[in-house]
Structures are given as C-alpha cells and as structure tokens.
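As a basis for the values below, the full set of heavy atoms in this structure was taken, side chains included, without hydrogen atoms, waters or symmetry mates.
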Amino acid sequence: MSEELQERMEAVVESYSKTLFRLPSAPKLLSYLLIASLSSGLLFSLPSTSSGPFAYVASSALFLLSALLSWLLDTIVMRGDPILDMRRCLGLELFSLFALAPPSAIGGVLSLLLGRWPSLALRLASVGIALSISARALTLASASLAGPGRSTACTATGPALWLIASLGAPLLAGAPPSKSDMLFIALALAIGSLATGAFLSAVRRIGLRLFGVSSFRLIRAFTASWTEDYNEPLEAFLDEIGEEADVQSHVLLFEDAEKGEPLGAIVVPGVHPGPFRWVGSSPLPGLLQEAVERAIGRPAAVPHGISGHEQNLTSRGQCDKLISSVLKALRNLDGLCSRATGFIRAEERGAKASCQLFGPLAFLTLTTAPDTMEDLPPELGEALRAEAPSLGLDDIIAIDAHNCVDGPFDRSEAVRRLGKAAQEAVRKALAAPKRPFKVGFGKAVPEGFSIDEGMGPGGIVAMTVEVGGSRWAYVVIDGNNMVRGLRERLLTEARALGFSDGEVMTTDTHVVNARVLVERGYHPVGEVMDWDALASYVREALQKALRAMRPARLRWGVAEARGLRVFGAEQLKRLCELPLGSIRAVRNMALGLLGPAQALLLVLAFLL
C-alpha cells in the first residue's frame with residue numbers, strides 16, 4: 001500500500017474515531033429531554049403569564065408533551081430497525097432539541113421584551129423547526145436501515161409536533177397567530193425542506209461518483225456495523241465492489257518425529273486482517289486459529305504476513321473460503337524436513353530480521369522495534385520469495401512482527417532497511433549447520449484482558465524450538481500491534497526461562513479496532529494492560545511449550561484459495577475518499593447553504 005493510501009487510511013480511522021460516541025443511559029437521556037423541552041416551553045410561553053397561571057403552565061407543558069410524543073411515535077415507526085432502538089430514538093429527540101429549543105426559548109424572551117408576542121416567538125421557533133428538519137434528515141439518512149418511507153415519517157414527526165406546540169401555546173393564551181406569521185412559518189418550512197434536499201443530495205452524489213450508489217448506503221452500513229456489529233449491509237456492499245484475487249497461505253505443521261502426532265501449527269494467511277471489528281477478515285486470525293486447532297487438537301499460531309488493507313477480505317463468507325483452503329492443504333502437506341538451523345538475527349540500522357531454516361524453508365520474522373512497526377507492503381514479501389530459487393530454497397516465509405507502535409512510521413525507509421536485514425539473515429542461515437530439532441507449543445488465554453483492552457480471542461500462543469542444545473521462543477499474541485518497550489520486556493522474560501533469543505509478534509487482528517474512544521480507535525497490546533499480568537501469561541504459554549517439546553519434523557505446504565473478494569488498492573482508495581468526501585460535503589453545505597438559509601430566515605423574522 002502506497003504512503004498516500006496509508007495516510008488516507010489513517011485519516012479515515014481518525015475521522016471515525018472522532019465521530020464515535022456513546023449515548024448516555026436511557027434515564028439520563030430522558031431527564032435531559034424533559035429538562036430541555038420544559039425549559040424551552042417555559043421561556044417560549046413567558047408572555048402568556050399575563051393570561052394567568054393556567055395558560056402559562058398549559059402552554060409550557062405542550063412542548064414537553066410534543067417531545068415525549070415524538071419519541072413515542074419515532075420508536076413505533078422505527079420498530080425493528082437494528083440501529084434506532086428506543087434509546088437511540090430518545091437520543092434523536094434530544095439531538096433535535098439542540099435545533100428546536102434555543103430559538104424557541106429566545107423567541108419567547110424577545111417577544112416579551114419587544115412586545116411582539118406571539119409573532120416573534122413563532123417565527124424564531126419556525127427557524128429552529130426548519131433547522132431540525134435538516135438535522136433529523138441527515139441523522140436518519142446516515143443511521144436508519146428502515147427504508148425511505150419510515151425515515152421520512154420519522155424526520156417529520158419531531159418538527160411537526162413542535163410546530164403544533166408552538167401554535168397551541170399562544171392559542172391557549174388567547175393570542176392567535178396572524179396570517180403573516182403563518183406565511184412566515186410556511187416560508188421557513190419550504191426553505192428548510194429545500195435546503196435539506198440540496199444538503200442530502202450533495203452528500204449522496206459523493207457515493208454516486210465513486211461507486212454508482214448513494215453515499216448513505218455505505219454510511220448506514222458503517223453505522224450499523226460500528227454500533228451494533230450488524231455487518232450484513234456493509235459486507236454485501238464490499239462484496240459487490242471488491243476485486244477477485246487468488247490468495248496463498250503458508251501452512252506449517254510440526255509433528256512428533258517418532259509418532260507423527262501433531263505438536264502444533266503455524267499458518268500465515270496471505271490477506272490482511274481488517275478493516276475493523278467483525279467486518280471482512282478482521283476476525284480471521286482467531287477464526288483460522290480455532291479451525292486449525294480443532295483439526296489437529298493442538299495449539300496453532302496465526303502471525304501477521306506481509307500485507308496491507310488493500311488485501312482485506314470483504315466478508316465473513318470469504319474468510320470461510322480461505323479457512324477451507326487451509327484445512328484442505330493441512331490434509332495434503334507435501335513438504336517434509338527433520339533438520340533445522342538455529343535462530344539467526346541480522347540488523348540494518350534498527351531494522352531487524354531473524355531467520356531460521358527448516359530444511360529448504362526459510363522462516364523470517366521482521367521488526368523495527370523499538371521503533372514503530374506498521375503494515376509492510378506485499379511487494380516486500382514477494383521480492384523475498386522471488387529470491388528463494390536462486391538461494392537453493394523452496395520458499396521464504398516472511399512475518400511482519402507488528403510489535404511496536406510509537407509515533408509515525410517511515411514505511412519506505414523501513415522497507416529498504418528490512419530488505420537488507422532479511423537478505424543478510426538468510427545468507428547467514430544458509431551458512432549455518434542444520435541439525436535435528438525439537439519443537440513444543442503452548443497456549444494461554446488471558447482471563448483478565450478483553451477485546452476492548454486489545455486482546456483478541458486467540459490469546460497467546462508460544463512455539464519453542466531447540467537445535468543443538470540452544471532454545472528459541474516465538475510468541476504470537478492475538479492483538480493489533482503493541483506499545484513500545486513491551487516486546488523487549490517479554491523477550492527478557494523468555495531469556496529468564498533459558499531461551500537464547502526469539503521474537504514476540506501480534507496477529508494484527510482488527511476485532512479490537514473501532515471499539516474505544518481513543519485517537520487510534522483501539523488499544524495496542526500493553527497500552528491499558530498490566531504488563532506484569534501479561535508477562536505471567538506469556539511465561540505460562542512458554543512453560544507449556546517447554547513441557548510439550550519433542551523431537552520434531554515439519555510438514556508444510558501452500559493453501560490456494562482462488563477467486564476471493566478483497567478490497568483492492570483502487571477500491572480501497574475510493575473507500576477512503578468517500579467518508580472524507582462526505583464529511584467535507586457536510587461541512588461545505590452547512591457553511592454554504594444551511595447557514596445562509598438560517599441567517600436569511602432570522603433576518604426576515606425581525607423585518608417582516
């Protein structure tokens with residue numbers, strides 16, 4: 001993935017992270033609604049105090065009743081909508097009051113001060129009603145899957161009931177609106193409706209230009225996924241626009257050298273585990289790990305191959321196809337070796353590559369830790385694999401350790417340095433002696449860490465390798481990257497158990513993404529976790545692996561999954577452009593159309 005595209009992806013993540021918010025509890029929302037609507041009604045109806053306390057109280061109560069009735073009607077209209085449940089409909093009413101309540105309250109106060117009751121109060125209330133039409137229409141177009149008919153009805157309920165309350169209050173006080181007031185109200189509603197139509201059309205055209213469908217289809221799909229993990233609409237859209245690709249995944253099965261029984265497995269999928277939560281291939285590491293462990297009855301690790309977001313699978317169905325290809329390959333592995341080199345490390349200006357040869361197979365792990373490590377372009381992995389035949393190797397499997405995040409990442413420079421380090425590590429490994437080896441696998445699933453804290457369902461898997469009396473540790477944590485310094489701390493724990501060296505990696509699972517209100521939208525491993533507790537789980541996995549260590553052999557193969565749907569670089573570029581373009585369109589239309597329209601109505605309210 002290009003630097004420009006990566007920057008766009010980061011901008012999209014930041015934009016969505018900023019727009020994510022959690023509504024307060026239903027009791028709090030209800031109390032806010034009652035306070036806002038009643039306060040607005042009391043201020044709007046201030047001039048009616050001259051007509052007696054009953055008229056004042058009854059007029060004020062109309063606004064409270066209109067807000068509650070609007071909530072009730074919206075809940076009924078939106079019944080069955082996966083997003084707009086009763087609580088979110090309550091939030092919609094409160095959001096509407098941000099447009100309705102202030103101008104209504106100000107109108108009542110100014111009417112009293114200027115002696116223009118009920119004319120000025122009605123006119124300013126109608127300005128707020130016109131604005132609320134736009135606010136509700138945008139919210140419902142972006143959040144409701146109920147269909148245009150029900151969304152239109154829901155858009156109208158709140159403004160219509162508030163208008164009825166605004167007209168009813170002066171009638172109760174014996175001050176009916178004039179014809180000019182009614183004409184102004186009609187003008188305000190017309191201008192508000194026309195501005196809303198133009199506003200929504202501007203946003204809709206972004207999607208039509210990029211994908212031939214309304215922007216709101218994708219926005220609603222994203223909203224459903226982010227708020228309710230309801231992924232069908234989003235995945236259906238991604239399946240439609242995705243590109244076909246043939247995907248290769250490396251499958252390594254370690255077996256007891258004498259009995260042939262499985263000891264554990266490593267699977268390196270040829271796709272990226274994104275984009276977020278449970279969408280597409282985000283849960284693939286955990287799903288793949290579970291399927292392989294069920295097949296072999298032993299722990300399996302799924303480290304992050306060299307890939308970027310353009311290689312995200314589009315849906316869970318595509319994940320199932322890839323998993324099926326891996327399980328099929330697992331039953332028909334043809335590579336076989338029983339000798340290995342030691343774990344050999346090379347470094348190029350902070351870029352580190354570790355290589356271990358298993359027969360004619362090179363197993364590479366790449367990292368820039370303790371500097372930031374992000375997704376590496378697939379071209380790097382392809383270039384390394386292309387060198388295998390000339391080196392007398394069957395294949396080179398490169399792992400993106402994805403094990404440090406701490407500020408910006410210079411991808412181009414990192415690729416250059418990692419390429420040199422990888423070549424040097426392979427060269428050194430080719431010169432090293434091969435001997436019989438032992439392997440053990442262990443797994444620990446931390447009970448104290450949740451997905452919100454950055455720990456995926458796959459937990460921690462450790463593979464220990466012994467060659468010629470020396471031992472090395474590979475630790476794979478089901479998370480998306482880790483904080484600076486944690487890798488080094490965990491390697492220190494491994495050395496305390498007698499390991500000469502090793503590597504700590506993450507799967508880059510994206511089930512942890514888009515869940516918390518932080519700038520990244522997720523917590524890397526260790527950011528909010530207790531390091532001592534995490535280290536104890538790593539030790540547990542390593543100790544289990546040591547106890548399970550046996551003289552081993554390796555069988556391997558490549559799983560071929562043809563015709564999978566992936567994002568693709570061009571479509572990913574468009575997907576990044578759509579939300580950012582929509583945000584720009586909303587801002588521009590708000591400043592260029594809605595703002596001037598509201599200003600015009602305010603001026604006319606005082607002049608006419």
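Here Arg555 pairs with Glu255 in a salt bridge; the nearest charged N to carboxylate O distance falls below 4.0 Å. A salt bridge links Arg416 and Glu413; the closest N-O separation between the charged side-chain nitrogens and carboxylate oxygens is under 4.0 Å. Classification of Arg553 and Asp256 as a salt-bridged pair fails, no side-chain N sitting under 4.0 Å from a carboxylate O. Between Asp371 and Lys352 no salt bridge is recorded (no basic side-chain N to carboxylate O distance below 4.0 Å). A salt bridge links Glu293 with Lys443: at least one charged nitrogen is closer than 4.0 Å to a carboxylate oxygen. For the pair Arg427 and Glu424, the salt-bridge criterion is met [side-chain N within less than 4.0 Å of a carboxylate O].
Ring geometry for Phe254 versus Phe358: interplanar angle over 60°, hence perpendicular rather than tilted (30 to 60°).
When all heavy atoms of Pro275 and Ser282 are compared, the closest pair comes out as N-OG, 3.2 Å. Nearest approach of Ser354 to Glu503, heavy atoms of both residues: OG-OE1, 4.3 Å. Leu384 and Ala398 make their closest contact through CD1-CB, 4.0 Å (heavy atoms, listed as atom of the first residue, atom of the second, distance). Residues Thr341 and Lys434 come closest through the heavy atom pair CG2-CG, 3.6 Å. Between Ala295 and Leu327, the closest heavy-atom pair is CB-CD2, 4.1 Å. For the pair Glu527 and Tyr522, the tightest heavy-atom approach, listed with the atom from each and the gap, is OE1-O, 4.0 Å.
Inter-residue side-chain proximity for Thr365 and Tyr474 is flagged as met; some heavy-atom pair is nearer than 4.5 Å. The closest side-chain heavy-atom distance from Val525 to Leu534 is below 4.5 Å. Within the 4.5 Å cutoff, no side-chain heavy atoms of Glu382 are placed close to those of Arg385. Residues Thr227 and Arg88 form a side-chain contact, since some pair of their non-hydrogen atoms from C-beta on lies under 4.5 Å apart.
Shown here are the salt bridge (charged side-chain N to carboxylate O under 4.0 Å, His left out) partners of Arg339, two or more places apart in sequence or in another chain: there are none.
Taking the six-membered ring where the residue is Trp, the centroids of Phe276 and Phe222 are separated by under 6.0 Å.
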Check your understanding: Should Asn403 and Thr506 be marked as a side chain to side chain donor-acceptor pair (under 3.5 Å) after you check the CA-CA gap, both sets of side-chain angles, and the distance that decides it?
Key -> CA-CA 6 Å; Asn403 56 5; Thr506 68; over 6 Å; no
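Atom CZ of Arg316 has 12 or fewer heavy atoms from other residues, nucleotides or ligands within 6.0 Å. Sparse packing is recorded around CZ of Arg298, with 12 or fewer heavy atoms of other residues, nucleotides or ligands lying under 6.0 Å away.
For the atom pair CD1 (Ile344) and SG (Cys355), the distance works out to 7.0 Å, reported to the nearest 0.5 Å. Here the straight-line distance linking atom NE2 of His402 with atom OG1 of Thr507 works out to 9.0 Å at 0.5 Å rounding.
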